[in-house]
Amino acid sequence: MNHNLFATFAERMQARGDADFITTREGRRYAYTDALTESARLAGALAELGVAQGDRVAVQVDKSPEAILLYLACLRSGAVYLPLNTGYTGEEIRYFLSDAEPALFVCRPADIAQARQLADDTGCPAVETLGAAADGSLMEKAASATPREEIATLGERDLAAILYTSGTTGRSKGAMLTHRNLGSNAETLRQAWHFSAADRLIHALPIFHTHGLFVACNVTLMTGSSMLFLPKFDADVVFEEMPHGSVLMGVPTFYTRLVQDPRLSPEATANMRLFVSGSAPLTAETHQAFEAKTGHAILERYGMTETNMNLSNPYEGERRAGTVGMPLPGVEYRITDRETGDEVPQGEIGMLQIRGPNVFIGYWRMPEKTREELLEDGFFITGDLALVDERGYVHIVGRDKDLVISGGYNVYPKEVEQLLDELDEVQESAVIGLPHPDFGEGVTAVVVRQPGVSLDETEVLAHLDGRLAKYKQPKRVFFVDSLPRNTMGKVQKNELRRQFDATYR
Ligand code: MLC
Ligand code: AMP
C-alpha cells in the first residue's frame, strides 16, 4: 500500500476536475485539474534540480497559490516540505538550512543574493526563487520541465514535512510529520467540521504554519472544496468576501478585530457556515461578543505543530466559550500530575498529553528531545496545562512551558533573552508575555543594566532589529534594578507579569 498522501489527494482532485481549487482577488485561478498538471510540472523541475525522495525542500516565500503547488509537488515526489516564516531574518534562516540540510532552498526573488550566500555557507546545493505573482526561476524551470506524473511510493513513517517550532532552550526543533500524520488529521477534520465540496474557505492565514498550511489546505484538498487566497488578514477584505465564502479559519486576533468592527452583523455573516479559531486562547468575551453580534458560535479547537489538531468543540452541539472541546475521533488525551505522571481526577489541573495517528514521530536529529517529550507509550507531552469539566470539555488553563503566543505566533523568551544578554550594557534580562488587546499576549522585555551604564529602550530594540523576526521583538522594554528570584535562584516571571500587567491594557 502506498502511504503517500498525494495519492489520496490526487483521487479527490481528479474527481473535482474543473472545479475551483484556489482563487485570488486578482483573478488568478487554479482548478483542481490545473493543480494536478502544475504540481506534476513542479515535481519535474524538482527532479531536474536533483531533489530526491526524502530530501528536504526549504521554502521561504510570500503567500501564493504556487507555493501550495510546490507543497503538492513535494508530496508527489516524496520530498520533505519545509516551510519557513517569511519574517525570519537571514541569521534565523542560516540555522534552519544548516540543521535541515535541504537539497533545495526556494526563496523570494528579492532575497536571492542573501539566499545564495546562506546556501553557500551551509552547503545547500540549489537555490531557486518563487514570487507572489507566480514569477521567479522555479516557475520558469517548471514551465520547461518534463512533468513527473508518478506518485512516489512511501511507507507509513515517511516524512511529508518538517516544521520548525521554537524550543525552550532557544534552539528551534524540527517536528517531523509523516504523510500518515497529515492525512489522518485532514480526513478527521473534514468529517468533524462537515466540510463539503460546496465550501469556500476565506484563507487569510500565513501558509508556513500548521494552521494555514495543514488545517486549511489539507482539509480543502481532502474535500475538493475551494479557497480564496488572501495575502494576509485584512478586515475590510474579509467583510467584502464573507458574502461569497462559507468558512473562515483564524487566530484569535482575527476575531478580536472583527468584533470591534461596526460592520459585524448577522447580515454580514449570513452566507458563512463556520468560523474556526485556534493557535492561541480565544477569550470567552470574544466568543460571546461574536455570537451576540452574528448568531455564530466560533468553533474553537486546540492543536500544535507536533500533533496537528487534537481537540475540538463540536460542530453540532454546544460550542462552549473558553474551552477547546473534546478529543477528535482517533485522538486520545490524558491530564497528568506534573510530578508523578499519574492521571489527575476530573476537574483538576494537570499536564495535557496527546496520542493518536496525528502525533509526529520526533524532532529532526534530536533523539534526546524526542524521548523527553514523546513517551514510550505514544503520548506526547504538550507543555499545556488543562482540566476537563464535568461535561467533558477541555479547558486550556495555562502553559508549563515558558512560551509567549503573540497573534498566534510562538515566541520562546529564551531566544530573545540570549540576544539581549549579548549587549555589553545588559547584566541580565527576562522576557515575558503580557495581556495585549490585539495580539493576546505582547512580548515584553525586562532588563537589568550593568552598573553605571546608560541604555534605553530604543537602543535595546535597535540591537534586536534585523536579528530577530519582527513578531518576536518586544513591544516594550522596561528597566529594573534586579530581577525577582525565588529561593532556587529562578527568575519569578509571574512576579514580573504582575508588576507590568497594565502595560497594554
Ligand atoms: C505582525 N506583527 C506582530 C504580529 N504580526 N507582532 C506581534 N505578533 C504578531 N503576531 C507586527 C508587525 O510586523 C507590525 O510591526 C505590527 O506588529 C503591527 O502589524 P499589523 O499590521 O497589525 O499586523 P498584521 O499584519 O495584521 O498581522 C497580525 C496577524 C498576523 C495576527 C493577522 O500576525 C497573523 O496572521 N498571525 C497568524 C499566525 C499563525 O498563523 N499562527 C498559526 C501557528 S500554527 P511594525 O513595527 O512594522 O508596525 C499553531 C498550531 C495551531 O499555532 O494550533 O494552529
Ligand atoms: P505551535 O507550537 O505554534 O504549534 O503552537 C502550539 C501551542 O499553541 C499549543 O501548545 C498551545 O499552547 C497553543 N494553542 C493552540 N491552540 C490553542 C487554543 N485553542 N487555546 C489555547 N492555546 C492554544
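Start at 1 and go down the list; that is how both ligands and their atoms are numbered. Just so you know, these numbers come straight off a predicted model, no measurement behind them. Side-chain atoms are counted along with the backbone in the values below, which use heavy atoms only and exclude waters and symmetry mates.
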Does a side-chain N-to-carboxylate-O contact under 4.0 Å join R320 and E318?
yes
Would S277 count as a polar contact of ligand 2, with the cut-off being nitrogen or oxygen pairs under 3.5 Å?
no
Any ion pair linking D438 and K475 (charged N to carboxylate O, less than 4.0 Å)?
no
Within-cut-off N or O pair, T382 and ligand 2, under 3.5 Å:
no
With the side chain counted from C-beta on, respond yes when E459 and E425 share a heavy-atom pair under 4.5 Å apart, and no when they do not.
no
Atom pair CD1 (I335) and CE (M351), whose distance is rounded to the nearest 0.5 Å
11.0 Å
Give the C-alpha distance, both sets of side-chain angles, the deciding distance and a yes or no for side chain to side chain donor-acceptor pair (under 3.5 Å) between N185 and T188.
CA-CA 5 Å; N185 210 239; T188 300; 5.2 Å; no
So which of A280, G278, G383 gets nearest to atom 23 (C) of ligand 2, if we judge by its closest heavy atom?
A280
For atom 30 (C) of ligand 1, which candidate among Y409, F233, Y471 provides the closest heavy atom?
Y409
Identify the protein heavy atom lying closest to atom 23 (O) of ligand 1, giving its residue, its atom name and the separation to 0.1 Å.
R257 NH2, 3.8 Å
Heavy atom under 4.0 Å from ligand 2: found in I405's side chain, backbone, both, or neither?
side chain
So which heavy atom in the protein is nearest atom 21 (C) of ligand 2, and how far is it from that ligand atom?
P281 N, 3.4 Å
Among protein heavy atoms, which lies nearest atom 9 (C) of ligand 2, and at what distance?
D384 OD2, 3.2 Å
Rounded to the nearest 0.5 Å, what's the gap from OG1 on T444 to CG on L434? Could you check?
3.5 Å
Option set S166, S279, P252, G408, criterion heavy-atom distance to atom 16 (N) of ligand 2, minimum:
S279
Under-4.0 Å salt bridge between K173 and E372:
no
Shortest non-hydrogen separation from F229 to P65 and the atoms involved
CD2-N, 3.9 Å
Sub-4.0 Å atoms of ligand 1 with respect to non-hydrogen atoms of P206:
35 (O), 37 (C), 40 (O)
Output the distance between atom CE (M242) and atom CG (N271), rounded to the nearest 0.5 Å.
10.5 Å
Atoms of ligand 2, numbered as shown, that sit under 4.0 Å from any heavy atom of T305:
1 (P), 2 (O), 3 (O), 4 (O)
Just say parallel, tilted or perpendicular for the rings of F233 and F254, cut-offs at 30° and 60°.
parallel
Please state which protein non-hydrogen atom is closest to atom 1 (P) of ligand 2 and give its distance, to 0.1 Å?
N410 ND2, 3.1 Å
Please work out which of the three classes, parallel, tilted or perpendicular, describes the rings of Y88 and Y471, given edges at 30° and 60°.
tilted
Identity and separation of the nearest protein heavy atom to atom 42 (C) of ligand 1
S279 OG, 3.4 Å
For V324, the atoms of ligand 2 under 4.0 Å from one of its heavy atoms are 18 (C), 19 (N), 20 (N)
Tell me, with the steps shown, if E187 and Q191 meet side chain to side chain donor-acceptor pair (under 3.5 Å).
CA-CA 6 Å; E187 182 56 23; Q191 294 181 28; 2.8 Å; yes
Can an N or O of K232 be found at a distance shorter than 3.5 Å from an N or O of ligand 1?
yes
Using the six-membered ring of F195, assess whether NZ or CZ of R273 lies under 6.0 Å from its centre and within 45 degrees of the ring axis.
yes
Going by distance only, is there an N or O of H209 that falls short of 3.5 Å from an N or O of ligand 1?
no
Is any N or O atom of A204, backbone or side chain, closer than 3.5 Å to an N or O atom of ligand 1?
no
I'd like to check which ligand 1 atoms, numbered from 1 as shown, lie under 4.0 Å from a non-hydrogen atom of S406.
7 (C), 8 (N), 9 (C), 10 (N)
Check: of G408, G442, G407, min heavy-atom distance to atom 36 (N) of ligand 1 comes from G407
Please step through salt bridge (charged side-chain N to carboxylate O under 4.0 Å, His left out) for the pair R467 and E91, ending with a clear verdict.
CA-CA 7 Å; R467 289 190 167 86; E91 281 319 296; over 6 Å; no
Are any of the protein's heavy atoms under 4.0 angstrom from atom 48 (O) of ligand 1, yes or no?
no
Note: L205 and M249 closest approach over all heavy atoms is CD1-O, 3.5 Å
Any carboxylate oxygen within less than 4.0 angstrom of a Lys/Arg side-chain nitrogen, looking at D389 and R391?
no
Ligand-side contact atoms (ligand 2) for residue partner M304, heavy atom cut-off under 4.0 Å
4 (O), 6 (C), 9 (C), 10 (O)
Using a 4.0 Å heavy-atom cut-off, say whether M249 meets ligand 1 through its side chain, its backbone, both or neither.
neither
Looking at ligand 1, does any of its N/O atoms fall within less than 3.5 Å of an N/O of K470?
yes
Using the six-membered ring wherever Trp is involved, compare the ring planes of F478 and F500 and label them parallel, tilted or perpendicular (cut-offs 30° and 60°).
parallel
For ligand 2, the portion of K401 having any non-hydrogen atom under 4.0 Å away
side chain
Numbering the atoms of ligand 1 from 1, which are under 4.0 Å from a heavy atom of G303?
53 (O)
Tell me whether R180 is salt-bridged to D158, with the criterion being a basic N under 4.0 Å from an acidic carboxylate O.
no
Determine whether any protein heavy atom is located less than 4.0 Å from atom 51 (C) of ligand 1.
yes
Return yes or no for this condition: an N or O of T305 is under 3.5 Å from an N or O of ligand 1.
no
State the atoms of ligand 2, each with its element, that fall below the 4.0 Å cut-off from a heavy-atom position in R399.
12 (O)
Any Lys/Arg nitrogen of E441 or R497 sitting under 4.0 Å from an Asp/Glu carboxylate oxygen of the other?
no
To check your reading of the model: name the closest protein heavy atom to atom 3 (C) of ligand 1, its residue, and the distance in Å.
F439 CZ, 3.5 Å
L205, any N or O under 3.5 Å of ligand 1 N or O
no
For E300, the atoms of ligand 2 under 4.0 Å from one of its heavy atoms are 18 (C), 19 (N), 20 (N)
Decide, yes or no, whether a salt bridge links R319 with E300 under the criterion of side-chain N to carboxylate O below 4.0 Å.
no
Considering only the protein, which heavy-atom contact is closest to atom 53 (O) of ligand 1, and what is its distance?
R301 NH1, 2.8 Å
Short N or O distance, T253 and ligand 1, threshold 3.5 Å exclusive
no
Here the atoms of ligand 2 under 4.0 Å from any heavy atom belonging to R301 are 16 (N), 18 (C), 19 (N)
So which of H211, Q473, K475 gets nearest to atom 16 (C) of ligand 1, if we judge by its closest heavy atom?
K475
